[in-house]
Amino acid sequence: MPSVRTRIAPSPTGDPHVGTAYVALVNYCFARKHGGEFVLRIEDTDQARSTAESERAILDALHWCGLTWDEGPDVGGPHGPYRQSERSSIYREYADKLLAGGYAFKCFCTPQRLEEMRAVQRASAQPSRYDGHCLSYTPEEVARREAAGQPYVIRMRVPDEGVIVVDDLRRGPIEFDYKSVDMQVLVKSDGLPTYHLANVVDDHLMEITHVIRGEEWVSSAPKHLLLYSYFGWQPPEFVHLPLLRNPDKSKLSKRRNPTGILFYERMGYLPEALINFLGLLANATREGEDELMDLTALVRRFELEHIPVGGPVFDVAKLDWLNGRYIRERLDAASFVRRVEEWAVSPERLTKIAQLAAPRIERLSDLAPLLAFLFSGRLALRAEDFKNVKLDAPEMREAFTLALREFDALPAWNVFGIEDVLKRIAQTLGKKGRDLARPFYVAITGSTTSIPLYDSMELLGRDIVRERLRGALEVV
RNA sequence: GGCGCCAUCGUCUAUCGGUUAGGACAUCGCCCUUUCAAGGCGGAAAGACGGGUUCGAUUCCCGUUGGCGCUACCA
């Protein structure tokens with residue numbers, strides 16, 4: 001039996017997402033189950049959005065979940081580098097091969113032309129697809145434009161007629177008409193590859209045997225398959241996992257619900273419970289089987305064939321139940337103490353808290369009421385709590401809504417960024433910073449007297465803060 | 001708009017043509033209990049709709065409807 005190699009390929013463009021942990025878990029289980037290897041690769045070809053902090057956070061979060069990988073940017077391995085931004089020359093080389101083979105071409109079309117083209121296609125019920133305009137250029141014309149310094153991208157060629165079949169291990173054959181497959185950009189005008197090129201090249205060079213990824217990739221699978229054939233490579237097996245959903249069945253998104261792994265960590269969920277819960281979504285138990293399972297058990301009973309194809313709702317109530325069982329059934333007194341310490345009063349965290357709290361108390365017993373909000377989940381806020389603020393209800397709603405959006409977009413979560421956002425909102429609403437801070441204080445801490453606001457927010461973390469703002473929006 | 005994926009209790013799911021459609025979470029009731037949990041027992045709760053195929057469809061096929069994804073020089 002050929003050895004199995006799977007991978008998780010997160011893009012470091014935000015906070016670690018539970019969906020990433022879910023896909024990673026499935027890849028991990030499949031590899032381990034078959035005695036294969038599991039690789040972590042960072043897909044940071046989008047220079048504008050990728051950050052080193054996000055990469056660090058994602059690796060930390062996956063480790064917190066208890067997942068480990070055999071190869072990756074942090075542990076090395078024989079197929080490195082494992083960060084796409086460090087593999088540019090490789091992609092350039094393969095893009096040139098496609099160009100030389102006539103499987104790709106340089107495209108000088110302007111964004112405006114492409115936009116107009118798509119508008120026409122949409123209006124006439126046609127699939128959105130590059131019309132092949134630059135395909136008609138002679139080599140001389142291409143050289144002339146290049147020499148003139150015209151920016152260009154490299155697009156893959158796609159046949160005009162026929163169908164291509166993607167064989168999904170779980171879903172069976174999926175047919176696509178070539179007419180509905182776009183001539184995807186492979187190399188951007190900045191010379192960096194897009195996901196599609198980098199992904200195929202890397203999966204091949206890293207000898208990935210099974211590409212297990214989210215359902216959002218189904219429609220681009222034909223492009224990937226085509227690239228494998230252009231290169232003359234044996235494509236891997238494909239499995240597309242269903243997307244996790246919000247309770248209203250929409251794609252699990254941080255706009256509406258907490259999706260960050262860090263959120264669940266800060267809320268006091270145990271990593272074993274989270275991973276157990278995700279494992280249950282991938283492979284449900286049979287009747288009579290205990291749903292409480294550690295990672296080893298999850299691996300042992302893992303079956304690709306049993307992964308459901310419909311998008312499951314991320315049901316926090318069930319996670320709560322599992323988490324409770326871990327706390328009362330799997331934690332003895334000593335490990336309970338250790339967990340609580342790690343979660344609540346780790347040395348780093350306690351040091352920060354101490355500096356903020358010490359000046360504000362007279363007795364140590366003052367700590368509990370002062371800091372209760374740091375150790376709580378959702379606060380039980382009431383409309384009366386917002387009585388003594390200088391903003392009226394519509395203003396507060398606008399401020400909280402604005403903050404929800406801006407906090408989401410904030411690249412780095414720290415007091416400086418938080419302060420900037422709040423100052424900006426004060427300006428937008430024409431309010432004094434002090435008057436704006438008060439309602440936020442209540443929303444975040446549940447009281448009007450505590451440690452400084454920005455520090456509190458940093459300590460709580462982005463997801464908890466956003467969750468509390470959502471909570472506040474429900475009562476004001 | 002185009003292309004694709006999906007469709008069983010509120011939620012996660014089992015059922016590989018014939019079942020009283022099973023389990024788990026949540027919910028409701030009872031028991032236990034100094035409180036609250038936990039625990040035990042029990043209840044209510046589902047095959048989207050319309051056509052076929054078949055002796056027989058939740059199960060196979062087609063259509064409709066609905067949900068979701070993709071439709072970028074983001075992944």
Side-chain angles (χ1 to χ4, degrees), chain A residues 9-14 17 19-20 42-50 84 107-111 114-115 118-130 151-155 163 166 168 170-172 174-182 184-199 213-223 240-253 277-292 305-325 327-329:
Chain A
S11 186
T13 54
H17 194 280
T20 306
I42 294 294
E43 308 233 332
D44 56 352
T45 54
D46 184 348
Q47 291 292 49
R49 295 197 306 152
S50 300
Q84 291 186 331
C107 173
F108 298 88
C109 292
T110 62
L114 295 172
E115 206 173 298
R118 290 181 186 124
V120 170
Q121 288 168 336
R122 184 177 258 260
S124 57
Q126 293 294 110
S128 183
R129 183 183 199 259
Y130 183 66
Y152 67 89
V153 300
I154 297 175
R155 285 182 188 277
V163 297
V166 174
D168 184 289
R170 187 66 192 80
R171 293 162 201 259
I174 306 172
E175 233 176 63
F176 292 86
D177 200 315
Y178 275 128
K179 286 191 181 69
S180 68
V181 179
D182 199 4
Q184 186 64 47
V185 170
L186 298 178
V187 178
K188 298 176 267 187
S189 54
D190 64 2
L192 289 175
T194 58
Y195 168 86
H196 306 277
L197 207 220
N199 187 265
R213 73 226 299 193
E215 193 182 1
E216 73 265 37
W217 297 108
V218 171
S219 38
S220 40
K223 297 166 187 171
H240 292 94
L241 266 24
L243 262 18
L244 270 26
R245 309 281 185 91
N246 293 312
D248 69 356
K249 301 275 189 182
S250 59
K251 176 180 171 178
L252 192 63
S253 72
F277 174 70
L278 294 174
L280 252 20
L281 291 185
N283 271 189
T285 48
R286 309 291 290 203
E287 191 178 336
E289 206 179 350
D290 189 356
E291 290 186 298
L292 198 76
E305 300 70 44
H306 292 159
I307 292 179
V309 284
V313 168
F314 190 95
D315 182 11
V316 182
K318 183 127 186 182
L319 210 209
D320 287 340
W321 169 75
L322 264 180
N323 203 56
R325 282 195 64 189
I327 288 175
R328 74 183 93 93
E329 294 177 28

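Keep in mind that the numbers below use all heavy atoms, side chains included, and drop hydrogens, waters and symmetry copies. All values derive from a computational prediction rather than experimental measurement.
- Contact between A/Gly19 and A/Leu244 at its shortest, heavy atoms only, is CA-CD2, 3.9 Å.
- Between A/Phe108 and A/Tyr152, the angle of the ring planes lies from 30° to 60°, which puts this pair in the tilted group.
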Base versus backbone protein contacts along nucleotides 70-75 of chain B [heavy-atom cut-off under 4.0 Å; B, S, -] = SSSBBB
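- Nearest heavy atom pair, residue A/Gln121 against residue A/Ser128, reads OE1-CA, 3.5 Å.
- When rounded to the nearest whole Å, the span between CG of A/Leu280 and C1' of B/A26 equals 15 Å.
- In this structure, A/Arg245 atom CZ and B/A7 atom P are separated by 11 Å, rounded to whole Å.
- Straight-line distance from the CD atom of A/Glu329 to the C1' atom of B/A37: 14 Å, rounded to whole Å.
- With a cut-off of 3.5 Å on both pairing distances, the Watson-Crick or G-U wobble partner of B/C60 is B/G52.
- Separation of the P atoms belonging to B/A75 and B/C70 is 14 Å when rounded to the nearest angstrom.
- Residue A/Glu175 contributes atom CD, which lies 17 Å from atom C1' of B/G2 at whole-angstrom precision.
- If you check every strand for non-hydrogen atoms under 4.0 Å, A/Pro308 touches sugar and phosphate atoms only.
- Checking B/A7, B/G10, B/A24 against the side-chain heavy atoms of A/Asp315 singles out B/G10 as nearest.
- Here the side chain of A/Trp321 is nearest to one of B/A26, B/C3, B/U13, namely B/A26.
- The nucleotide B/A37 finds no pairing partner, because no Watson-Crick or G-U wobble arrangement with both distances shorter than 3.5 Å includes it.
- Taking a pair to require two hydrogen-bonding distances under 3.5 Å in either a Watson-Crick or a G-U wobble arrangement, B/G1 pairs with B/U71.
- The partner of B/A14 is absent, by the rule that a Watson-Crick or G-U pair needs both atom distances under 3.5 Å.
- Formation of a donor-acceptor pair under 3.5 Å by the A/Arg129 side chain with backbone atoms of A/Ser180 is not found in this model.
- When Watson-Crick and G-U wobble pairs are counted only if both distances are under 3.5 Å, B/U27 pairs with B/G43.
- One finds a side-chain N or O of A/Lys249 lying less than 4.0 angstrom from the OP1 or OP2 phosphate oxygen of B/C12.
- Heavy-atom minimum distance, A/Val313 versus A/Asn246: CG2-O, 3.7 Å.
- The side chain to side chain donor-acceptor pair (under 3.5 Å) check on A/Lys249 picks up nothing, with sequence neighbours excluded.
- In this structure, A/Glu289 reaches neither bases nor backbone, as no heavy-atom distance under 4.0 Å exists between it and the strands shown.
- The side chain of A/Ala317 has B/C25 as its nearest neighbour among B/U13, B/C25, B/C6.
- Separating the SG atom in A/Cys109 from the OH atom in A/Tyr130 is a distance of 3.0 Å, to the nearest 0.5 Å.
- One atom, CG of A/Asp248, and another, P of B/G66, lie 17 Å apart when rounded to the nearest Å.
- If you take CD of A/Glu287 and C1' of B/U19, they are 12 Å apart, rounded to a whole angstrom.
- Checking B/U19 for Watson-Crick or G-U wobble geometry (two distances, each under 3.5 Å) identifies no partner in any strand.
- Comparing B/U13, B/U11, B/G2 against the side chain of A/Ala125 picks out B/G2 as the nearest.
- Atom CD1 of A/Ile307 and atom P of B/C5 are 18 Å apart (whole Å).
- Counted by atom type alone, A/His306 and A/Asn283 present zero donor-acceptor pairs between their side chains at under 3.5 Å.
- A/Arg170 places a side-chain N or O within donor-acceptor distance of the main-chain N or O of A/Glu305, the cut-off being under 3.5 Å.
- The side chain of A/Arg328 lies closest to B/A38, out of B/G69, B/A24, B/A38.
- Within the nucleic acid shown, A/Ser250 comes within 4.0 Å of sugar-phosphate atoms alone, with no base atom in reach, counting heavy atoms only.
- Shown here, B/A7 forms a base pair with B/U65; the pair counts as Watson-Crick or G-U wobble because both key distances fall under 3.5 Å.
- Going from atom NZ of A/Lys318 over to atom P of B/A24 covers 9 Å, rounded to whole Å.
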